[in-house]
Structures are given as structure tokens and as C-alpha cells.
Protein chains: 2
Amino acid sequence: MEKRTTKSGLPKELSVGDVARRSGVTVSTLHFYETKGLVSGYRNAGNQRRYPRSILRRVAVIRIAQRAGLSLSEIREALKTLPDGRPPTMRDWRRMSGTWRQALQDRIENLTKLRDQLDLCIGCGCLSLTDCPLRNPGDIKGKSPQII
Amino acid sequence: MEKRTTKSGLPKELSVGDVARRSGVTVSTLHFYETKGLVSGYRNAGNQRRYPRSILRRVAVIRIAQRAGLSLSEIREALKTLPDGRPPTMRDWRRMSGTWRQALQDRIENLTKLRDQLDLCIGCGCLSLTDCPLRNPGDIKGKSPQII
DNA sequence: CATTGACCTCAACCTTACATGAGGTTTTAT
DNA sequence: ATAAAACCTCATGTAAGGTTGAGGTCAATG
């Protein structure tokens, strides 16, 4: 693939293999993403997948969101609000990445809280104490552990 | 269970059900942890699991380590350095939790870096740029994505 | 124009971290 | 003493996020 190019020298359409090479994910991952509704493209006369160049950005966005800790289904929902074949506008991108930034921030704060509690407990040899914050974290709901 | 108690009124040995109730994990999780070598106990005459009270601390430690992002096999390895039937000493606990603290800290730093990059890219409408740090993060090794 | 590499689909498999249920035994409570 | 609650083992299921392989087609190249 990557033969027909635009005047800028960039290929107009991409095969799965092209996308795999350039995005850093495998072909099977692209197939998988397609079954999960995360990416889409069209087929050529021979039933092979062809993608517009915007797929590359889309895959990059998916990977970033994964790094931020989102599940593929959350990512799919977020991507639903973006145009699929066309590159997203600045506004589109800001809205989505803003939400993701917040999710990331929440995760960071949770982990930081855990780290600080761990620091306290490393100091005090804790975990034997009935009121150790680490033993009954506020973010775990349901039947809480009894006094140990 | 929880009938025979010490003079302090605390039960001397615990059944799986007791441990489940008091630690906040299910019985099947305890079975599972046993198959994975994370916890152990002994059996009574009727082949039922019995645990010393120190199991409670052990399970608490496992859950904390999970929150910090460690896998069960990593946790198992770390726990190997602790006594199983006896409560760990302060030194034991400090060594282990110190390592975990570091792992946690690394995770926090990675996520923070990602967040900051995301902030930059939210501002600039990035991801179209060939040198966007989000598109080729330093922490992903191997064949890096080509210029998009 | 034949070959080889790239694609196709579909099913099965993998890892992590458990949950569920069947069929049978042991404890506990009345 | 008996019923109910709790346990036991072992097999199977679940969910996420893919990977692998078989069997067959398509396309780029000498």
C-alpha cells in the first residue's frame, strides 16, 4: 500500500497494515477496535479495509485515553461525539480531552491520597490499628470491614 | 465460628467466613488467593480452613497493594519476604511498603506527566503536530509510530 | 502470470482477577 | 437429633483487551 499519494506526497488512503505500522498498534488490534466500534473505515473492491488519514489521529487519541485510565467502552462513548471520517475541530477536541483530563486528575488524586496514607502508616507501623485509614478507605462502598 | 476466644475476647482462630466478613473480601476471593499462594492457613479435622488472626492484616495489605496498582503476582513476591503465620515486624513492613510507595509514586508521576501534556495539547489543538509528545510517549519502547 | 506478501473471516485461546453453581460434607443451633 | 448454615472441591463463566491460527482471497512484483 501507500502508493497513491496526494500532491503533498502523503498517501490518500491507508490499508490496515499501513495504519498498524504508523500508529504503533497491531493489525489484530485494529480489527478488534473495529468490532468494538472504536474505529471504522470502508472496504475496497476486494473487501480490504481502507482508512482515511484521520484514522491515525483517532488511534492516537484512543491510546492516550487508555493511558489516562479509560476503558475502551468509555472511549467509544466519548468518540461518538466526534466526527468519524473527518478530523475533529478544535472545539470537539477540547471538550473531550477536558473530560479526560478530569478523569485523569481524579485518578491522580486518589493515588496521591493513598500514597500519603501509606506514608503515615509506614511511619507508625500501622495496619494494626483499628482506625487505620488504609484499612477502610472511604472510596470502597458496601459492607465495610469490621474492627480487626 | 468465632466461638473460642482469648482472654481479651478476640477469637483465636478464624474460618473463611469470619475472614471474609472482617476483611471485606468474599470467600471465593480467599480461595482464589490461596490457589495463587497469597494466603495460607491450616485445616481443622473436618478439612475446613482455619486462619490465625494475622490473616486479616495480610489481606488488608494485599488490598492496599492492589490499590497501589500492583498485580497479585507482584504482591505474592513481596509477601514472600514476610512471615506468613506471624505478624510482620515494623522493619518488615517498612521495607515492603517503602517499595510499594515507590511504585505508587512512579505511577503518579507518569499520570501527572500525561496530564500536563494533555493540558498543553488541549491548549494547542495538538495531535496534528508530528512532534506532539502525546503521540510518541517516551515510556513506550519498541517501534515508535512514524510521522503521521 | 505466477508467486509471495498482505488481507479476509471466524473461532479459539490467553491473562488477570475473581464469581457462580453443582454435588457433597461439616458445624452449629434448636 | 435434625435442620440449617457454612464449608469443601472442581468445573465453568465473566469481563477486558487483545493474540493466534486455520483456511482462503487479493494485490503487488519479478
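These values consider heavy atoms only, across backbone and side chains, with no hydrogens, waters or symmetry-generated copies. Each chain gets a letter, A, B and so on, in the order its sequence line appears, and its residues count up from 1.
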Nearest-Å distance for atom pair [atom1]/[atom2], residues [X] and [N]:
{"X": "B/Arg76", "N": "C/dT16", "atom1": "CZ", "atom2": "C1'", "answer": "12 Å"}
{"X": "A/Leu14", "N": "C/dA6", "atom1": "CG", "atom2": "C1'", "answer": "15 Å"}
{"X": "B/Ile75", "N": "C/dA17", "atom1": "CD1", "atom2": "C1'", "answer": "11 Å"}
{"X": "A/Asp18", "N": "C/dG5", "atom1": "CG", "atom2": "C1'", "answer": "13 Å"}
{"X": "A/Arg43", "N": "C/dC8", "atom1": "CZ", "atom2": "P", "answer": "6 Å"}
{"X": "B/Leu30", "N": "D/dT9", "atom1": "CG", "atom2": "P", "answer": "13 Å"}
{"X": "B/Glu34", "N": "D/dC7", "atom1": "CD", "atom2": "C1'", "answer": "12 Å"}
{"X": "A/Tyr51", "N": "C/dC8", "atom1": "OH", "atom2": "C1'", "answer": "12 Å"}

Lys/Arg N to Asp/Glu carboxylate O, [X] vs [Y], below 4.0 Å:
{"X": "B/Arg53", "Y": "B/Glu13", "value": "no"}
{"X": "B/Lys113", "Y": "B/Asp116", "value": "no"}
{"X": "A/Lys36", "Y": "A/Glu77", "value": "no"}

Query raised in the report: For B/Ala68, does its backbone N or O pair with a side-chain atom of B/Arg107 as donor and acceptor, under 3.5 Å?
Result: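 Indeed, once roles are kept as given, a pair shorter than 3.5 Å links the two residues.
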N or O in side chain of [X] less than 4.0 angstrom from [N] OP1/OP2:
{"X": "A/Asn44", "N": "C/dC8", "answer": "no"}
{"X": "B/Arg49", "N": "D/dC8", "answer": "yes"}
{"X": "A/Ser15", "N": "C/dA6", "answer": "no"}

Query raised in the report: Taking atom types as modelled, is there a side-chain donor on A/Arg43 or A/Gln48 under 3.5 Å from an acceptor on the other?
Result: no
Query raised in the report: Under 3.5 Å, is there a donor-acceptor pair between the A/Thr81 and A/Arg95 side chains?
Result: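 Indeed, the side chains of A/Thr81 and A/Arg95 share at least one donor-acceptor pair under 3.5 Å.
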Query raised in the report: How large an angle, rounded to 10°, do the end axes of the helix from C/dC1-D/dG30 to C/dT30-D/dA1 enclose when each is built from five base pairs?
Result: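 Comparing the first five pairs with the last five, the axes sit 0° apart.
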Requested in this report: Show your working on side-chain contact (heavy atoms from CB on, under 4.5 Å) between A/Glu34 and A/Leu38 and close with a plain yes or no.
Outcome: CA-CA 6 Å; A/Glu34 189 178 310; A/Leu38 285 158; over 6 Å; no
**Report entry** Residue met sooner reading DNA chain D from 5', once B/Gly46 and A/Asn47 are mapped to nucleotides
**Finding:**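 Closest to the 5' end, via its nearest nucleotide, is B/Gly46.
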Query raised in the report: Roughly how far, to the nearest 0.5 Å, is CG of B/Asp18 from CG of B/Leu30?
Result: 10.5 Å
Requested in this report: Take A/Leu14 and A/Leu56, measure what side-chain contact (heavy atoms from CB on, under 4.5 Å) needs, and give me the verdict at the end.
Outcome: CA-CA 10 Å; A/Leu14 301 169; A/Leu56 295 175; 3.8 Å; yes
Query raised in the report: Which nucleotides of nucleotides 17-24 of chain D have their base under 4.0 Å from a protein heavy atom (B), which only their sugar-phosphate (S), and which neither (-), written as one string 5' to 3'?
Result: BBBB----
Query - Nucleotide nearest B/His31 when distance is taken to its side chain, options C/dA6, D/dT9, C/dT27 - result: D/dT9
